[in-house]
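Everything on this sheet refers to the single structure shown next.
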Amino acid sequence: MVDKAASVKGDLRLSNLVKAFGDFHAVDDLSLVIPEGSFFALLGPSGCGKTTTLRMIAGLEEPTSGSIAIGNTDITYEKPYARPVNTVFQNYALFPHLTIFENVAFGLRRRGIKDVKDAVTKVLELVELGHLAQRKPGQLSGGQQQRIAVARAIVNRPALLLLDEPLGALDLKLRRQMQIELKWIQTEVGITFVHVTHDQEEAMTMADTIAVMNEGRIEQMGSPVELYESPRTVFVANFLGQSNLVKGKIEGSSGNDLQVSVHGNRITVPSGRNFAKENSDKSVLIGIRPEKISIEHSAGNTLGGGVITDISFVGVSTQFQIQMPWGQELSVFEQNDGGASHLQTGDTVQLSWKPEFTFALDGTADVDAGTSVNPDEE
Amino acid sequence: MAFVAAVAKRSSTVRGIKRPSTPYLLLIPGLLWLCLFFIYPLINLASTSTQTPSESGEIGSYVQTFRFANYIDAFSGAREQFTRSIIYALIATLLALAISYPLAYAIAFKSGKWKNLLLVLVVAPFFTSFLLRTIAWKQILGNEGPVVTVLRGLHIIGPQTGLTASAFAVVTGMTYNFLPFMTLPLYASLERIDPRTLEAAGDLYANAITTFRKVTFPLSLPGVVAGTLLTFIPAAGDYINATLLGNPKTKMVGNVIESRFFEIVDYPTAAALSFMLMAAILILVAVYVRRSGTDELV
């Protein structure tokens with residue numbers, strides 16, 4: 001059992017994973033491959049099934065159906081203690097009665113390793129807490145406990161490290177610092193990290209690949225840039241950053257572009273960025289990120305007749321709320337480089353952006369999907 | 001910031017004239033109570049323990065002569081009962097621990113919505129008189145009772161063997177009577193364990209048995225120590241169970257003290273025995289607490 005745990009290596013493969021609690025499917029036919037050595041984030045609002053997925057990988061929950069494999073080894077029904085998987089728990093779950101040294105040595109000792117001193121010392125140095133080895137967890141700060149929880153897991157050199165909202169209990173500043181540190185540790189040890197979080201910024205900062213989960217399914221998977229620049233569903237467009245989504249109708253195409261009519265304006269969308277399914281009335285949702293829009297310059301796609309209803313200054317940028325002639329409010333972020341400083345509430349402005357930043361989504365979808373979820377709920 | 005300011009403001013008013021004396025004033029009723037009903041009787045008992053019968057020879061009349069040999073006399077007269085008390089109390093404590101631990105564990109981790117009901121059931125026997133419950137064991141263990149009938153039927157005990165008026169009955173009664181004192185502290189300490197630390201142990205290659213040995217049990221030690229003390233201390237001084245369920249050969253030191261006090265009216269010996277029992281328990285407890293290392297637990 002012990003040797004098996006140490007020798008299993010390879011990509012993590014979830015196939016048609018289902019976890020049902022009664023009629024409720026917390027995880028619904030989930031399939032994905034997480035490449036060995038990557039930093040992978042499962043991102044979603046609370047109740048989207050991300051933690052349940054993680055617990056199934058850890059062996060703390062048994063899947064209703066489907067399978068989990070690392071490389072060629074199936075671990076779907078393996079006991080937690082027989083898996084080459086370690087977890088950093090949300091509240092760290094350090095053993096309060098053991099010293100930091102013994103906490104870190106726990107996994108090694110259970111695997112029958114006699115000489116643990118070198119490995120423990122080395123990993124404590126990696127997290128820069130070697131001097132606290134003889135303390136008890138209760139004597140450490142939250143950030144220190146967090147690093148010990150990571151050390152306690154990676155000292156075992158698992159094939160897979162699971163992180164369940166590991167930074168949730170830390171304050172903002174410490175969280176930013178730990179994000180960088182975790183990313184560095186991952187690069188240093190080369191273990192596959194699977195990170196569960198509801199914080200989109202955290203996921204984007206740390207992960208190579210993000211899977212956005214919603215209602216037990218994966219909405220979209222890709223690199224942070226890909227997800228942000230080319231969201232394929234309304235949920236992703238709203239959950240990752242902000243999006244302006246405006247109803248439109250496909251009029252026709254010219255070359256590689258689609259022509260879309262938006263409340264009487266003609267908007268160009270690259271065909272490759274049309275993620276809407278074919279439907280009979282050709283309705284789509286046109287999406288554009290607030291920072292891509294310019295109030296001052298004309299850049300291809302334009303929507304005129306907007307009235308500024310609100311201006312908020314947030315340091316690096318100024319955020320404008322602009323009411324369009326059809327009643328919808330759109331957001332525009334302008335860099336504070338002097339260009340937009342003369343604008344005032346009540347001014348009538350024209351919005352414009354480059355066509356290649358536009359994306360088109362399913363016109364029948366709920367425009368508010370992914371916005372009403374409170375990311376700090378958990 | 002507002003909170004800090006509010007706290008600072010509050011402590012500055014508290015730092016006024018009245019602050020230093022208030023806690024001490026609040027201590028006075030408790031201290032008076034302790035002096036009147038604990039310290040004074042204790043001194044009185046100590047004084048009684050070295051007295052000798054008065055010249056008049058009147059029964060129950062003693063004068064202070066500082067005769068410390070009273071202790072030697074008392075101990076040599078009750079050595080057998082003394083040892084028996086400690087042994088019975090130890091057995092009852094271990095039995096109570098063995099019964100209570102799984103019970104407390106189940107209530108703390110597995111009972112779900114039944115948790116409160118089960119806790120009430122643990123305490124429920126207290127609503128009936130201690131005496132009545134002890135006498136009830138006479139019936140339970142009686143020759144016509146269910147236990148003897150079953151054991152005789154299974155040929156575990158012979159057809160003539162009974163269970164009442166025996167050491168077995170005394171220890172059973174003590175175990176039963178002190179069970180809640182063991183269960184409640186155990187429950188309290190088990191319930192405080194974060195189930196995620198147990199999951200973490202499993203995640204770190206510990207199977208169920210190792211998890212219990214290395215995490216659950218050490219974390220429940222404060223409850224084990226509290227429970228065993230709360231059981232052992234009253235059990236060692238108990239005499240009701242031995243009176244109601246025992247025979248002359250199962251007398252405990254409590255019985256000796258009782259008869260010295262009320263029947264023979266030999267106050268000095270009763271007082272000396274009380275003091276020795278107290279000293280014995282204090283020493284055992286001190287060694288036990290030190291050995292169990294609970295002072296190190298967070």
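Letters A, B, ... are given to chains in the order of the sequence lines, protein chains preceding strands, and every chain is numbered from 1. The figures here come from the full heavy-atom set of this structure, side chains too, leaving out hydrogens, waters and symmetry mates.
Residue-environment remark: CZ (Phe38(B)) stays at or below the threshold of 12 foreign heavy atoms within 6.0 Å. Within a 6.0 Å sphere centred on CG of Asp171(A), other residues, nucleotides and ligands contribute more than 12 heavy atoms. Surrounding CG of Leu117(B) are more than 12 heavy atoms belonging to other residues, nucleotides or ligands, all under 6.0 Å away. Surrounding OH of Tyr176(B) are more than 12 heavy atoms belonging to other residues, nucleotides or ligands, all under 6.0 Å away. Atom OH of Tyr77(A) has more than 12 heavy atoms from other residues, nucleotides or ligands within 6.0 Å.
For the pair Arg111(A) and Tyr205(B), the distance from NZ or CZ to the six-membered ring centre is under 6.0 Å and the angle to the ring normal is within 45 degrees.
Residues His97(A) and Leu221(B) fail the side-chain proximity criterion, which asks for heavy atoms closer than 4.5 Å. Side chains of Leu204(B) and Arg110(A) form no contact here, defined as non-hydrogen atoms less than 4.5 Å apart.
Looking at Arg109(A), neither its backbone nor its side chain comes within 4.5 Å of chain B, counting heavy atoms on both sides. Heavy-atom distances place both the backbone and the side chain of Asn207(B) under 4.5 Å from chain A. Contact annotation for Leu94(A): only backbone heavy atoms (N, CA, C, O) come within less than 4.5 Å of a heavy atom of chain B.
For the pair Asn86(A) (side chain) and Asp203(B) (backbone), a donor-acceptor distance under 3.5 Å is present.
Interface remark: of the candidates Ala208(B), Pro195(B), Gly202(B), Gly202(B) forms the most heavy-atom pairs closer than 4.5 Å to chain A.
A pairwise comparison of heavy atoms in Ala93(A) and Ala200(B) identifies O-CB, 3.7 Å as the closest pair.
The line from CZ of Phe106(A) to NZ of Lys214(B) is 8.0 Å long, rounded to the nearest 0.5 Å. Within the model, atoms CD of Glu199(B) and CG of Asp164(A) stand 9.5 Å from one another, a figure rounded to the nearest 0.5 Å. Once rounded to the nearest 0.5 Å, the distance linking CG of Leu98(A) with CG of Leu219(B) reads 8.0 Å.
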